[in-house]
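One structure is given below, encoded as structure tokens.
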There are 2 protein chains.
Amino acid sequence: MKDEERAVRPRRADARRNEVTLLEAAAAAFVASGVEAPVRDIAARAGVGTATIYRHFPTRADLIIAVYRHQVEACAEAGPALLGSAPTPYDALREWIDLFVDFLATKHGLAGALHSDQSGLDSLHTYFLDRLVPVCTQLLDAAAEAGEIHAHLTGYELMRGVGNLCIGAENDPRYDARRLVGLLVTGLRRTT
Amino acid sequence: MKDEERAVRPRRADARRNEVTLLEAAAAAFVASGVEAPVRDIAARAGVGTATIYRHFPTRADLIIAVYRHQVEACAEAGPALLGSAPTPYDALREWIDLFVDFLATKHGLAGALHSDQSGLDSLHTYFLDRLVPVCTQLLDAAAEAGEIHAHLTGYELMRGVGNLCIGAENDPRYDARRLVGLLVTGLRRTT
DNA sequence: CGTGAAGCGGGACGTCGTTCCGTTTGTGTC
DNA sequence: GACACAAACGGAACGACGTCCCGCTTCACG
């Protein structure tokens with residue numbers, strides 16, 4: 001057990017320290033300049049060379065994933081929980097989507113980065129989708145089974161739609177992503 | 001009149017020819033590689049140097065605007081026309097949005113370019129918004145006045161929402177932007 | 001047909017993500 | 001405690017991008 005704890009990831013002590021330092025520096029840089037903060041800035045912030053970043057995180061996307069992994073996991077785990085606690089499956093879906101939007105809306109440029117054809121950020125896209133689409137699908141299926149929505153939409157489509165609607169919402173007081181997403185989810189509701 | 005026609009833009013004949021050639025080359029490059037086609041590729045396609053592009057179009061965004069200007073104008077002008085021909089203002093709004101989505105969906109990467117914080121593409125964003133938001137607002141107001149929708153949304157927000165939903169829809173058979181936009185517009189409808 | 005300016009080509013610059021290489025440093029072993 | 005060697009490091013280097021600069025070409029007017 002103790003071995004397993006210590007054996008995680010890098011072997012040398014300085015390397016382990018650097019990984020933590022880098023994650024903190026990246027998080028700070030993302031808050032200050034958005035997720036598009038240059039790798040060099042993050043390296044400078046952490047007081048290391050650029051190569052050190054790439055030794056720990058094969059690509060920029062992996063660093064971004066590492067920084068947000070905990071929050072994405074939390075969001076994913078909230079799905080089934082809401083299904084148990086909310087009045088109806090549709091309410092659960094609605095609350096879960098709000099959770100996701102709140103997460104995206106507070107990360108400058110993250111929503112945009114998720115869909116950039118630029119550089120090698122596909123793995124970021126892939127990670128978010130792999131982790132969250134199953135949860136979304138589960139909520140969607142539950143709501144459909146309860147007859148609250150028409151089932152014409154896949155979890156994948158809803159996730160992408162919501163993610164897209166959040167793009168550029170951080171710095172624009174005239175654009176309220178929450179309202180748009182709310183309308184989208186309203187549009188899902190069965191009009192009986 | 002003849003003077004005005006000829007006097008538009010550049011004075012020398014080769015410059016006028018190059019401007020046309022460049023627009024054609026850019027259009028072709030955008031179809032082949034998306035709107036993110038490198039300036040060098042477009043220059044090569046047109047058989048000119050890169051500087052020639054910048055002499056005619058101060059920035060990449062201006063070239064993109066020039067290529068799509070006619071279609072954007074046509075879309076803008078279709079708004080009032082639909083208001084006259086469609087059964088109700090809400091139907092007009094719906095059809096007009098379909099028009100816009102069809103336009104965006106056939107231009108690889110254009111929707112994405114509209115919201116990239118990258119390089120200097122803000123003027124692209126600005127141009128689209130300046131031209132289309134008033135039309136959208138007019139349709140929205142008409143539908144609201146007819147009592148078909150709740151007026152909680154601005155033309156600006158709807159335009160941005162629709163544009164965002166179209167991002168990345170071109171190469172992904174699993175994501176149907178039209179369906180998502182349809183849901184969004186459905187969500188606008190008054191639920192009386 | 002000459003001349004001056006408008007127009008041109010492509011190389012140069014700064015920035016980005018990523019990789020390479022010579023050097024430093026932590027750590028298991030005697 | 002000293003040694004050796006692999007692991008880890010820093011920063012320069014590379015290729016791609018948008019954009020700008022400079023020396024040459026070519027149009028058009030007298």
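In what follows, every chain begins at residue 1, and chains take the letters A, B, ... in the order their sequences are listed.
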Closest approach to the side chain of [X], judged atom by atom: which nucleotide of [options] is it?
X: Thr59(B); options: dC16(C), dT19(D), dC9(D); result: dT19(D)
X: Asn18(A); options: dG11(C), dA8(D), dG17(C); result: dA8(D)
X: Arg60(B); options: dG18(D), dT19(C), dC14(D); result: dG18(D)

Phosphate contact (dG10(C) OP1 or OP2) by Thr50(B) side-chain N/O below 4.0 Å: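 Answer no for this pair, as no side-chain N or O of Thr50(B) is under 4.0 Å from OP1 or OP2.
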Phosphate contact (dC20(D) OP1 or OP2) by Tyr54(B) side-chain N/O below 4.0 Å: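 Checking Tyr54(B) against dC20(D): no side-chain N or O falls below 4.0 Å of OP1 or OP2.
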Contact state string [nucleotides 21-30 of chain C, B base, S sugar-phosphate only, - no protein heavy atom under 4.0 Å]: ----BSS---
With sequence neighbours excluded, residues passing side chain to side chain donor-acceptor pair (under 3.5 Å) with Asp102(A):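 Checked Asp102(A) against side chain to side chain donor-acceptor pair (under 3.5 Å); matches are Arg178(A).
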Axial cation check for Tyr127(B) ring with Arg69(B), 6.0 Å and 45° limits: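 Judged by the rule, Arg69(B) and Tyr127(B) form a cation-pi pair.
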Over-ring placement of Arg160(A) relative to Phe128(A), 6.0 Å and 45° cut-offs: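 Negative - Arg160(A) is either too far from the ring of Phe128(A) or too far off its axis.
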What is the distance, rounded to the nearest whole Å, between atom [atom1] of [X] and atom [atom2] of [N]?
X: His56(A); N: dA7(D); atom1: NE2; atom2: P; result: 14 Å
X: Asp122(B); N: dG18(D); atom1: CG; atom2: C1'; result: 14 Å
X: Arg40(B); N: dC8(C); atom1: CZ; atom2: P; result: 18 Å
X: Phe57(A); N: dA8(D); atom1: CZ; atom2: P; result: 13 Å
X: Glu36(A); N: dC16(C); atom1: CD; atom2: P; result: 11 Å
X: Asp41(A); N: dT15(C); atom1: CG; atom2: C1'; result: 11 Å
X: Leu22(B); N: dG7(C); atom1: CG; atom2: P; result: 13 Å

Spacing of Ile149(B) atom CD1 and Leu93(B) atom CG [to the nearest 0.5 Å]: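 One gets 6.5 Å once the value is rounded to the nearest 0.5 Å.
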Spacing of Asp62(A) atom CG and Leu124(A) atom CG [to the nearest 0.5 Å]: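 Going from the CG atom of Asp62(A) to the CG atom of Leu124(A) covers 9.0 Å.
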Pairwise 5' ranking along DNA chain D for Pro38(B) and Gly49(A), keeping only the more 5' one: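 That would be Gly49(A).
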Sequence neighbours excluded - salt bridge (Lys or Arg N to Asp or Glu O under 4.0 Å) pairs with any residue from residues 130-149 of chain A: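 Output for this query lists Glu73(A)-Arg131(A).
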Sidechain-backbone polar pair: Thr106(B) side chain, Phe103(B) backbone, donor-acceptor under 3.5 Å: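 Between the backbone of Phe103(B) and the side chain of Thr106(B) there is a qualifying donor-acceptor contact (under 3.5 Å).
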